[in-house]
Number of protein chains: 2
Amino acid sequence: MSEVKSSPPPVGGSPRARRKEDARARILAEARRIVLDQGFEALTMRRIAEAAGYSAAALYLHFENREAIARELGEAGMRALLEALAEAGKTVDPLQRLKALALAYAAFGRAEPETYRLIFMEPGFATTALGGKDAAGAAAFALIGGVFQDLTTAGRLRDGLDLEGLALTFWIVLHGMVSLKLTCSAFLVAPEEDLLAAALDNLLHGALRPNREP
Amino acid sequence: MSEVKSSPPPVGGSPRARRKEDARARILAEARRIVLDQGFEALTMRRIAEAAGYSAAALYLHFENREAIARELGEAGMRALLEALAEAGKTVDPLQRLKALALAYAAFGRAEPETYRLIFMEPGFATTALGGKDAAGAAAFALIGGVFQDLTTAGRLRDGLDLEGLALTFWIVLHGMVSLKLTCSAFLVAPEEDLLAAALDNLLHGALRPNREP
DNA sequence: TCAGTTTATGAACGATGTTTAGTGAACACT
DNA sequence: AGTGTTCACTAAACATCGTTCATAAACTGA
């Protein structure tokens with residue numbers, strides 16, 4: 001889908017630093033392929049090392065930990081998710097953009113379930129991926145917030161709505177849907193698009209019959 | 001919160017079977033304590049064995065796997081969740097019941113995060129816990145579905161709503177909220193009650209301003 | 001009492017993440 | 001060019017993990 005690369009690739013510099021950067025990139029690429037092909041739990045130092053043509057100990061010259069490798073993969077995955085969302089975020093009409101964002105989010109979860117699990121369902125990862133310096137997560141969330149901002153300025157939202165809470169609710173629905181699909185697929189039998197459409201409809205128009213006396 | 005016990009405890013029988021059942025229960029109880037105290041990843045066969053006064057190999061006389069122990073813990077957790085929800089499900093008014101169910105669900109996630117992670121966020125567990133014979137999960141979900149059923153018969157829902165989809169959406173919101181709180185607590189800063197209230201409000205009343213031309 | 005079953009153990013196997021000592025090769029400096 | 005230093009790397013080891021196996025003790029039923 002998208003290449004794994006360190007956030008700013010300082011490709012220049014001494015040939016030493018260049019080789020080092022190459023090694024890092026190769027290790028990360030192989031690690032990503034392992035996660036994609038065999039799942040996150042198959043991400044083993046020895047397996048990564050063999051795939052990259054190193055011994056296991058050599059990985060510790062380029063990364064502090066197994067967790068550091070996984071974290072980097074998660075951050076790259078977050079950037080990929082942001083890319084997918086940004087593509088959908090080009091839609092002009094806010095409501096259609098909202099639907100496009102939802103579909104893109106769900107599609108990402110379906111296309112790269114192990115990456116999604118790595119980003120959002122492993123303990124201690126999402127925090128760094130969301131609050132890191134690059135803050136790809138924050139940018140992705142801002143994309144959602146922008147929709148409701150636009151809906152507000154267009155005067156299409158109810159009065160007295162907490163925009164932050166609304167954007168959070170939207171994200172919560174997306175994440176709940178994707179993550180449940182990953183862990184309880186046997187229970188969530190309905191196709192995603194239908195579920196998403198229903199959830200969006202409920203969220204936008206409400207489930208209750210409009211009442212005269214509030 | 002509630003004791004860990006096998007679904008039907010056939011406490012009678014030969015003294016042999018009784019001792020065996022005791023051993024099983026003791027092992028499960030210690031396993032549960034480890035998960036609660038030190039987290040799921042600290043659930044080690046040798047640790048469980050030591051806590052229960054056995055050797056590691058002895059555990060395999062009572063359980064097939066480490067996973068079997070974890071699965072049993074997850075099912076017990078699911079029953080505990082069902083209990084908590086059932087308590088909230090006694091509320092008469094459907095709308096208040098919905099809010100009570102949401103609060104109970106969130107409270108369970110907050111009180112036993114590791115149990116919740118075990119049930120819903122470990123790969124391959126939720127499926128069995130939801131579709132098992134006891135089907136505590138199905139009962140819990142039925143509790144939610146009942147609310148919307150009652151709302152329907154009371155004529156308080158919009159026409160043409162997919163009840164199943166609505167209940168699923170509700171559950172998705174609850175799960176998305178709790179699980180995000182577990183993995184992205186740094187990002188989800190707002191207090192749970194506020195978030196839940198906002199999400200419920202959006203779900204029930206809709207975010208869009210009611211429009212004349214549909 | 002004795003045969004048979006059940007229950008438990010210690011040692012072992014393969015695999016995991018990680019550390020350490022040692023080995024050349026590449027580099028920097030005179 | 002020679003020399004000392006740093007760097008990248010490996011093999012071996014350590015502790016721990018889940019799991020298996022041979023073996024011994026304890027209990028059961030006759």
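Lettering follows sequence order; numbering is per chain, from 1. All values below were derived from every heavy atom in this structure, side-chain atoms included, with hydrogens, water molecules and symmetry-related copies excluded.
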Would you give a per-nucleotide map of nucleotides 10-19 of chain D, 5' to 3', where B means the base has a protein non-hydrogen atom under 4.0 Å away, S means only the sugar-phosphate does, and - means neither? BB-B---BBB
Does A/His62 put a side-chain nitrogen or oxygen below 4.0 Å from OP1 or OP2 of D/dA8? no
Tell me the interatomic distance from B/Glu21, atom CD, to C/dT7, atom C1', rounded to whole angstroms. 15 Å
Is there a donor-acceptor pair closer than 3.5 Å between any side-chain N or O of B/Asp201 and the backbone N or O of B/Ala197? no
Can you tell which of A/Phe120, A/Phe141, A/Phe170, A/Phe108 makes a ring pair (Phe, Tyr, Trp, His ring centres under 6.0 Å) with A/His175? A/Phe120
Atom-to-atom span, CD of A/Glu50 to P of C/dG17 - whole angstrom: 13 Å
Looking at A/Arg33 and A/Leu28, would you say the former's side chain and the latter's main chain have a donor-acceptor pair under 3.5 Å? no
Starting at atom CD1 of A/Ile69, determine the distance to atom C1' of C/dT18, rounded to an integer number of angstrom. 12 Å
Applying side chain to side chain donor-acceptor pair (under 3.5 Å), which residue pairs with at least one partner in residues 84-101 of chain B are found, sequence neighbours left out? B/Glu87-B/Lys90, B/Arg97-B/Asp150
Between the protein and nucleotides 25-27 of chain C, list every N/O to N/O distance that falls short of 3.5 Å.
| from | atom 1 | to | atom 2 | distance (Å) |
| --- | --- | --- | --- | --- |
| C/dC27 | OP1 | A/Arg19 | NH2 | 3.3 |

Has B/Lys20 got a side-chain N or O lying under 4.0 Å from the OP1 or OP2 atom of C/dT6? no
Tell me whether A/Glu114 contacts the main-chain N or O of A/Val35 through its side chain, where contact means a donor paired with an acceptor under 3.5 Å. no
For atom CZ of B/Arg26 and atom P of C/dT7, their distance in whole Å: 13 Å
Would you please test B/Tyr60 and B/Tyr54 for ring-ring contact (aromatic ring centres under 6.0 Å, His included) and show each step? CA-CA 11 Å; B/Tyr60 291 86; B/Tyr54 284 122; over 10 Å; no
Determine whether the aromatic ring centres of A/Tyr116 and A/Tyr105 lie less than 6.0 Å apart. yes
In whole angstroms, the gap separating P of D/dA8 from CZ of A/Phe63 amounts to 13 Å
Roughly how far, to the nearest 0.5 Å, is CD1 of B/Ile69 from CD of B/Glu64? 11.0 Å
